[in-house]
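Counting starts at 1 for both ligands and their atoms, in listed order. Count residues from 1 along the sequence. No hydrogens, no waters, no symmetry mates; every other heavy atom, side chains included, goes into these values. Since we're looking at a predicted model, the values are computed, not measured.
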Amino acid sequence: MDVVGKRCRVWWPFDREWYPGTVAHWTLSAPKAVRNAIAVGATADPARGWYLIIYDDGEHEWNQLTDHSVIVGSRASLPSAPRGGPEARTEHAAGGAAGGAAGGACLALAARGGCVASAQRGVGASDAPTSIRTGAHAALDPDGACVARGAPTPTPPPTTFDAAGNCARAQNVGATTLADVYVEPALSAPAQAEHLAAAAQQQQQQMEQTGGTGGDRTPVVRLPTAAEVEPAGAAGVPCAPLHFAPATHGSPATHGSPARHGSPARHGSPARHGSPVTHGSPARHGSPATHGSPARHGSPARHGSPARHGSPVTHGSPARHGSPATHGSPARHGSPARHGSPARHGSPARHGSPVTHGVKRKASGSSPWPWDGGVDRCEKQAVAFSAVRRATTDVCSGAARAMPPFARADQPAPFAQAGQPARARDASHDCDEAGGGHHRGGCDEGARDKDGARPTWPDDDGVGEHGRRERREALVRRVEQREQLCDSGRRSPCDSGARRGAATSGTASRLTLPTDDAAAQTLSPSADPAAVPALPLAALGVGIGARSDGMWHRRSSRVTHAGDPADTTELSGALRHFLNVWRGPNIPAEERTLMTNASGIVGLHVCAALLSVSEVQALRLIFAAHKAWSQYIYGSSPALEQRAGSRLDSVLQRIDFGPHGCHPEGVVAHQSPMWPLHGVRARLLSLLQARVRAAFGNLLPWSDEVGGQADMMQMTQMRPSEELAPHVDSRDRWGEGIASMAWGQGEGLTSAAGEAWTLCMRRGTGKAAEDRVDIALPAGACYIITRAAQGRTEHCLANKVAHQRCSCCWQHGVQTDRNGFVTRQSITVRVFARWPHDR
Ligand SMILES: O=C(O)CCC(=O)C(=O)O
Ligand SMILES: [Fe+2]
């Protein structure tokens, strides 16, 4: 706490940048997002408390400052430390008294940490990371934390705020300025190993000196045994490869075992034609025989494309469950050539009854990676990796515990005493509430460490210091190898890890965003109100969308790399072509087929033909010019799981454009870069926006927001059979009104603009939402969600925030044709919410 108000710098390894900021606040109890992170496997020292770092560029994060990627204050005794003042010397002396053999050297394992949840493709291949999680716990060197403690360090002046409530956190907050900050170089791997071994040795010595108790310094370095850390496979050997191939019918990676999905026999069967939305119980899908049963086929009249049936949305009954006609993708049913006789198409039993839509989530007892029998090398490597992380974290936390004021015996340890069950409950609660799309992934398997037990290692198995050191070195090498594999762009270890992690092991990428409540709750009950300035929440910029989980996420959403996510020459050419075919904002009224409150859903409006085929073709070129697609992992949905036979998350490709400092939609995308919205994209947005406005008129309430201009544009690609699970977009990050338009990357069977797709509207808090409406939309259509269909906090009767679910607002999701072959492309435009919801 005595570092509150001080300047700091934080190393973001995947940005490869130090970011300056200020330690603005300390709280003993973990912020909610941090608690979630802990519940899904991160480790923390409950006694240490949490520091709020506010970066100069507006981002913020909670951090325990046990990470040597964080430098607070100055280090006078380091030769390279510039201008170390008395305070700096005090700080270092305090640390040095505790050991400090390595001076200020820091171990930066985390910075070098492996790709656990990979997924960034592109993003400037050379500059940008391929990982979205680092496991960013660098070990603490033996002189303790990088922060001042113990010694009579002068209390810095509190962070101040100007009249407008802005945090005065610029250059001279506290007694330390940026010039005093020592920028710590990352150590080489051998140096890290050596350093860590030295730390272990010192602690061992201290333990011996204090009769095994370590006095008030808890000995925490216990090395994992070889059995614990040694993966079965050779280190660095790539894992089972992912199959990203055109795989429209389900690669093993995305759709479970080939046996389930890959068999030609199955694909040739009528079972292929069941709608992802509408397919019924697993039992029905499990048996090809049942799919072929004539008894289940319905009348041809139900299978027409939207074009044949008129407006696609008119089919939905206001009763929300939809008439049979609302179900099933037109593309699926439109072509006899693909689907055989009309008799093949779904019967009322398959499509008509809402009951059949209630596919229960299937508890996944089996491995989601069927081809490897449940345990692949990546998994084992991840265990080893996490062993490193935990061990090093223990070093950190041990030192931290020893050091007042972090070890506050007088304060309840929130995790240890409040009870692990509470944490686990918290986590699942969050997940349950979080909306299927964005958070669901984290609940089930994510709580690896939710029992809250601090990681401990069995006692030394007699290998001695030398042996331990060797083991450490081996671990470090493994981490490095892993990183190299990731860096080299090979998919196998990283992506496999990502997917496995996403599907099963609860990566930290599933953190939920903090809510206002959570942040307020964190900020207000301070362990030491006298010492911690009362910080206006809004002034801190704390809220949904701001960083709060930095300890495990070391890649920011800042765009730090030069360039553009597209080939700019191609992009300009594509825009020129687009301008040639663009019809202007107005389209003939008879073409628009505007449906308001579609299918009885208040606030959902659809324009069935916003884009012409020529415009779609030009948009394809614009998409094709983009290279840096981020992988965006959504939670699984019942339909997806049913197809896969077990839990399987969905992965989309996405690029987000918007104002600097704002965050993309979604939890994982929270880690994705927000590219600047200017130039060609700004032009494109303004054209599309004009069209949307002309089509929807007053139904689109952007006029109330920032002069009616959308300021965020998101490009999404979903391969055939992928889906976006139902979710609410962040309820308080976006202004009222979100518009999405979609088409195919190529021609569909029934339309040159692409294949039809299904907009899945869901309402309800249970896992199987009570209200379910599936609306088949043709390529080129646009829908907007407002009010209850969007679910902003101010429209929510339950006042839900972020991605929480409620029973009054609708969630939206997208399903592509399970048997389709055309990637769905979409552009979503939103408005960032402005004050007081400014995120
Ligand atoms: O692509 C779409 O239609 C919508 C995308 C969406 O809902 C989202 O990104 O939140
Ligand atoms: Fe959405």
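Only the side chain of R824 comes within 4.0 Å of ligand 1, judged by heavy-atom distances. Residue-level proximity to ligand 1 for D729 is carried by the side chain, the only part with a heavy atom below 4.0 angstrom. Only the side chain of L724 comes within contact range of ligand 1, with a heavy atom under 4.0 Å; no backbone atom does.
Ligand 1 places these atoms under 4.0 Å from at least one heavy atom of Y783: 2 (C), 3 (O), 4 (C). Under a 4.0 Å criterion applied to the non-hydrogen atoms of R654, ligand 1 contributes the atoms 8 (C), 9 (O). Counting atoms of ligand 1 from 1 in the listed order, those under 4.0 Å from a heavy atom of S826 are 1 (O), 2 (C). Each of the following atoms of ligand 1 lies closer than 4.0 Å to a heavy atom of H727: 6 (C), 7 (O), 8 (C), 10 (O).
Among all heavy-atom pairs drawn from I601 and A789, the shortest one is CG2-CB, 4.0 Å. Closest heavy-atom contact between H727 and A725: ND1-O, 2.8 Å.
T716 does not count as a contact of ligand 1, since none of its heavy atoms falls under 4.0 Å from the ligand. Assignment of M718 to the shell around ligand 1 is not supported, since no heavy atom sits closer than 4.0 Å.
Relative ring orientation between F623 and W743 is described as perpendicular, the plane-to-plane angle rising above 60° on a 0-90° scale split at 30° and 60°. Ring geometry for H605 against F696 counts as tilted: the plane angle lies between 30° and 60°, on a 0 to 90° scale.
In this structure, NE2 of H727 and NE2 of H812 enclose an angle of 100° at the Fe ion (ligand 2), rounded to 10°.
Atom OD1 is the N/O/S atom of D729 found closest to the Fe ion (ligand 2).
Annotation: H812 places an N or O atom under 3.5 Å from an N or O atom of ligand 1; distance criterion only. For ligand 1, the polar-atom distance check against R830 finds a nitrogen or oxygen pair separated by under 3.5 Å.
Within the 3.5 Å criterion, the main-chain N or O of G764 finds a donor-acceptor partner in the side chain of Q811.
Counted by atom type alone, Q825 and R620 present zero donor-acceptor pairs between their side chains at under 3.5 Å. Neither side chain, S630 nor R654, offers a donor N or O lying under 3.5 Å from an acceptor on the other.
Screening R731, Q790, E736 against H795 for a side chain to side chain contact (heavy atoms under 4.5 Å, CB included) leaves a single residue, E736.
More than 12 heavy-atom neighbours from other residues, nucleotides or ligands sit within 6.0 angstrom of CZ on R583.
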